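Let me begin by presenting the structure, written as structure tokens, before commenting on it.
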Amino acid sequence: MLKTIGLCVMVISGAGFGLALSGELSRRKRHLEKLLQMTILLKGEIRYGNTSLYDAFTGAAGKLDGKYREFFLNTAEMMQTRKGENFGDLFRSCAEKTFGTAGLTPEEREKLYSLGDRLGYLGMDMQLKQLEMLERELEYSLGELQKELPEKKKLCRSLGMLLGIFMAVLAA
């Protein structure tokens with residue numbers, strides 16, 4: 001009796017593991033969409049508001065929620081309190097503190113962190129071009145992920161179930 005329950009728990013835990021991996025892919029997609037939205041908002045604030053970087057961050061924060069709003073507000077606050085420090089370093093430290101890994105690949109995290117280096121010292125035209133370049137990169141990454149997402153999610157769920165069955169067979 002206990003052995004049967006144990007085997008069922010193994011199968012269910014394997015399926016749960018597959019579902020968790022599948023959910024991680026969905027979270028990654030949502031994070032990329034939010035990063036794209038952040039980029040578009042910053043670009044709009046800089047272009048149409050013709051504002052400073054501090055004002056662009058505080059203005060864009062009003063249009064976001066959750067940790068994305070917190071990130072913009074923290075970065076703006078650090079710009080005010082740590083004048084003279086490299087903006088790229090401030091941006092990176094705020095991004096690492098707020099987002100952590102956030103389900104993004106190391107390459108995608110590096111794209112996010114490099115935005116601070118791109119924005120910190122350039123004129124308005126160059127900042128807008130850098131934001132447009134990042135926007136295109138994020139759109140490409142998001143498009144690739146959306147193409148692969150259904151297959152990868154199904155694969156994760158299937159492999160999780162197979163893992164649970166395999167573990168149950170080995171234990172039996």
Side-chain angles (χ1 to χ4, degrees), residues 18-157:
L19 286 173
L21 288 176
S22 174
E24 189 63 33
L25 289 170
S26 296
R27 278 189 292 283
R28 180 174 165 226
K29 178 182 175 241
R30 281 193 303 276
H31 285 300
L32 282 175
E33 290 170 343
K34 281 294 196 179
L35 290 176
L36 181 60
Q37 181 184 4
M38 286 171 41
T39 304
I40 292 169
L41 285 172
L42 263 180
K43 188 172 72 172
E45 288 289 328
I46 292 171
R47 175 178 287 145
Y48 300 113
N50 198 18
T51 60
S52 68
L53 206 50
Y54 171 80
D55 293 333
F57 270 75
T58 55
K63 298 172 182 79
L64 293 168
D65 57 354
K67 64 182 171 183
Y68 302 97
R69 175 186 175 91
E70 176 187 332
F71 166 69
F72 272 49
L73 292 175
N74 287 343
T75 306
E77 180 183 323
M78 286 184 79
M79 277 190 263
Q80 287 295 91
T81 58
R82 296 186 181 178
K83 291 184 179 181
E85 207 170 311
N86 182 3
F87 178 73
D89 295 338
L90 291 176
F91 188 92
R92 181 180 290 267
S93 69
C94 283
E96 287 173 346
K97 185 175 82 173
T98 305
F99 299 122
T101 59
L104 298 172
T105 65
E107 179 183 290
E108 291 163 348
R109 279 195 307 274
E110 196 54 44
K111 284 180 190 174
L112 171 65
Y113 299 155
S114 71
L115 178 60
D117 296 327
R118 296 174 182 183
L119 290 178
Y121 65 94
L122 304 170
M124 186 174 86
D125 291 337
M126 285 304 290
Q127 287 182 15
L128 290 172
K129 287 179 182 176
Q130 293 293 329
L131 284 168
E132 287 169 3
M133 187 171 72
L134 180 63
E135 183 181 346
R136 284 192 302 272
E137 290 173 2
L138 287 171
E139 285 172 344
Y140 177 77
S141 295
L142 192 56
E144 290 295 309
L145 182 62
Q146 285 176 331
K147 280 192 272 188
E148 301 169 347
L149 197 63
E151 287 177 4
K152 282 188 174 183
K153 287 177 77 170
K154 186 175 181 180
L155 182 66
C156 287
R157 291 189 302 260

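Remember, it's a predicted structure, so these values are computed and weren't measured experimentally.
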Might you point out which heavy atoms bring [X] and [Y] nearest each other, and give the distance in Å?
X	Y	result
L128	K43	CD2-O, 3.6 Å
L25	K153	CD1-N, 4.0 Å
S22	C156	N-CB, 4.0 Å
K63	L41	CD-CD2, 3.5 Å
L42	L115	CD1-CD2, 4.4 Å

Do the side chain of R69 and the main chain of A61 share a donor and acceptor less than 3.5 angstrom apart?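 Yes: the side chain of R69 pairs with the backbone of A61.
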Check: A95 main-chain N/O paired with T98 side-chain donor or acceptor under 3.5 Å: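 Judged by distance alone, no pair lies under 3.5 Å.
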Salt bridge check, E24 against R28: does any charged N sit closer than 4.0 Å to a carboxylate O?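 Here R28 does not pair with E24 in a salt bridge, since their nearest N and O are not under 4.0 Å apart.
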Restricting to pairs with a member in residues 47-58, which pass salt bridge (Lys or Arg N to Asp or Glu O under 4.0 Å), not counting sequence neighbours?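 Pairs touching residues 47-58 that pass the test: R47-E132.
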Going by atom type alone, with no hydrogens or angles, which donor-acceptor pairs under 3.5 Å involve a side-chain atom of residues 141-151 and a protein atom two or more places apart or on another chain?
from, atom 1, to, atom 2, distance (Å)
S141, OG, K111, NZ, 3.1
S141, OG, E137, O, 3.2
E144, OE2, K147, NZ, 3.1
E148, OE1, K152, NZ, 3.2

Listing, residues 72-80 side-chain donor-acceptor contacts under 3.5 Å, not counting sequence neighbours, or none:
from, atom 1, to, atom 2, distance (Å)
N74, ND2, E70, O, 3.3
T75, OG1, F71, O, 2.8

Can you tell me how far apart [atom1] ([X]) and [atom2] ([Y]) are? Round to the nearest 0.5 Å.
X	Y	atom1	atom2	answer
L131	E45	CG	CD	11.5 Å
D125	I46	CG	CD1	11.0 Å
R136	L36	CZ	CG	12.5 Å
L35	Q37	CG	CD	10.0 Å
Y113	S93	OH	OG	10.0 Å

Report the C-alpha distance between R92 and R109 in whole Å, list the side-chain angles of each, state the deciding distance to 0.1 Å, and finish with yes or no for side-chain contact (heavy atoms from CB on, under 4.5 Å). CA-CA 10 Å; R92 181 180 290 267; R109 279 195 307 274; over 6 Å; no
